[in-house]
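What follows is a short report on a single structure.
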Amino acid sequence: MSITENLLKIKSKLPQNIALVAVSKTKPVSDLLEAYDTGQRIFGENKIQEMASKHDEMPKDIEWHMIGHIQRNKVKYMAPFVSLIHAVDSLRLLAEINKQALKNNRVIDCLLQVKIASEESKFGLSENEVLDLLTSEEIKNFQNIKIVGLMGMATFTDNQEQLQKEFEMLKYIFDNLIYLKSDNCNLKTLSMGMSNDYPIAIKNGSTMIRVGSSIFGKRTLA
Ligand SMILES: *Cc1c(COP(=O)(O)O)cnc(C)c1O
């Protein structure tokens with residue numbers, strides 16, 4: 001099936017209140033343009049420089065989401081245009097995002113990544129670490145960032161019960177922290193669900209799914 005057919009099929013089954021991030025990492029601009037022409041306006045990338053060069057080439061009414069793990073020294077390359085940073089996992093990174101956002105006279109929306117997978121390789125904070133971060137003295141000074149939600153990646157598995165448990169846990173943490181409202185914190189977005197698990201994620205309260213291979217086809221490993 002074509003990118004257009006894949007996208008239309010996914011969208012036709014998606015509840016209206018769920019945002020779809022088209023994960024276009026490693027794919028050429030021609031593929032992104034096909035999705036754009038089908039009406040897609042949110043694209044997710046996991047490498048900052050790749051996202052920046054695609055941003056240069058693509059139409060300007062796109063929301064660019066950084067979904068990958070971030071090196072602090074590269075934040076400056078996306079600060080002028082990024083719409084949402086999904087995988088924030090430390091106060092130091094948040095400080096750098098705040099600094100670069102200030103330089104660009106912007107407020108940048110961020111999600112905190114929570115570790116829900118059983119795999120050691122996945123990044124993210126524990127519930128307590130999220131709580132510590134959101135209630136820290138330092139974060140009060142960060143006027144150019146806004147924490148708008150949480151993000152998580154489930155274990156890479158076909159075990160539906162395990163996926164269910166992991167998404168349930170993230171939703172539970174989200175609900176536990178939602179009361180923490182301040183000038184730069186208002187949890188609304190729960191980013192969870194990828195090609196192989198987004199239906200379960202949606203059942204468990206996801207508000208934003210990140211779908212790559214089901215739209216653009218398999219990625220060849222670099
Ligand atoms: C690659 C990636 C996705 C999309 O994965 P697919 O299985 O291709 O849908 C979603 N989220 C993150 C963080 C990713 O790195």
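Nothing fancy with the numbering, it's 1 onward along the sequence. Every number for a ligand or one of its atoms is a count from 1 in the order of the listing.
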>> Check this for me - ligand 1, Ser214, N or O atoms closer than 3.5 angstrom, yes or no?
In response: no
>> Under a 3.5 Å threshold, yes or no: a donor from one side chain and an acceptor from the other, between Thr189 and Thr207?
In response: no
> Cluster question for you: counting only ILVMFWY and a side-chain heavy-atom cut-off of under 4.5 Å, with indirect links fine, are Ile116 and Val88 together?
Replying inline: yes
> Hey, is Arg219 one of the residues with a heavy atom under 4.0 angstrom from ligand 1?
Replying inline: yes
>> Just to confirm my output: which protein heavy-atom neighbour is closest to atom 12 (C) of ligand 1, and how far is it?
In response: Ile67 CD1, 3.5 Å
> Any idea which atoms of ligand 1 are less than 4.0 Å away from a heavy-atom of Met153?
Replying inline: 13 (C)
> Can Asn196 be said to touch ligand 1, with heavy atoms closer than 4.0 Å?
Replying inline: no
> Any idea which atoms of ligand 1 are less than 4.0 Å away from a heavy-atom of Val211?
Replying inline: 9 (O)
>> Tell me the protein heavy atom at minimum distance from atom 11 (N) of ligand 1, and give that distance in Å.
In response: Arg210 NE, 2.9 Å
> Does the side chain of Gln143 come under 3.5 Å of the side chain of Asp183 through a donor N or O and an acceptor N or O?
Replying inline: no
>> Looking at Phe216, is its backbone amide N or carbonyl O close enough to the side chain of Asp31 to form a donor-acceptor pair, meaning the two atoms are under 3.5 Å apart?
In response: no
> Heavy atom under 4.0 Å from ligand 1: found in Lys25's side chain, backbone, both, or neither?
Replying inline: side chain
> Under 3.5 Å, side chain of Asn6 to main-chain N/O of Gly217, donor-acceptor pair present?
Replying inline: no
>> Looking at ligand 1, would Asn46 count as a contact under a 4.0 Å heavy-atom criterion?
In response: no
> Looking only at protein heavy atoms, which one is nearest to atom 9 (O) of ligand 1, and how far off is it?
Replying inline: Ser195 OG, 2.6 Å
>> Just to be sure I'm reading this right: ignoring hydrogens, which of Met194, Met151, Gln113 gets closest to atom 10 (C) of ligand 1? Compare them by their nearest heavy atoms.
In response: Met194
> Without hydrogens or angle criteria, can the side chains of Gln162 and Lys165 be said to hold a donor-acceptor pair below 3.5 Å?
Replying inline: no
> Which ligand 1 atoms are under 4.0 Å away from a heavy-atom of Gly212?
Replying inline: 4 (C), 6 (P), 8 (O), 9 (O)
> Can Arg41 and Glu63 be said to form a salt bridge (charged side-chain N to carboxylate O under 4.0 Å, His left out), step by step?
Replying inline: CA-CA 6 Å; Arg41 290 296 182 272; Glu63 272 188 37; over 6 Å; no
> Do we see a donor-acceptor contact under 3.5 Å between the side chains of Lys181 and Asn186?
Replying inline: yes
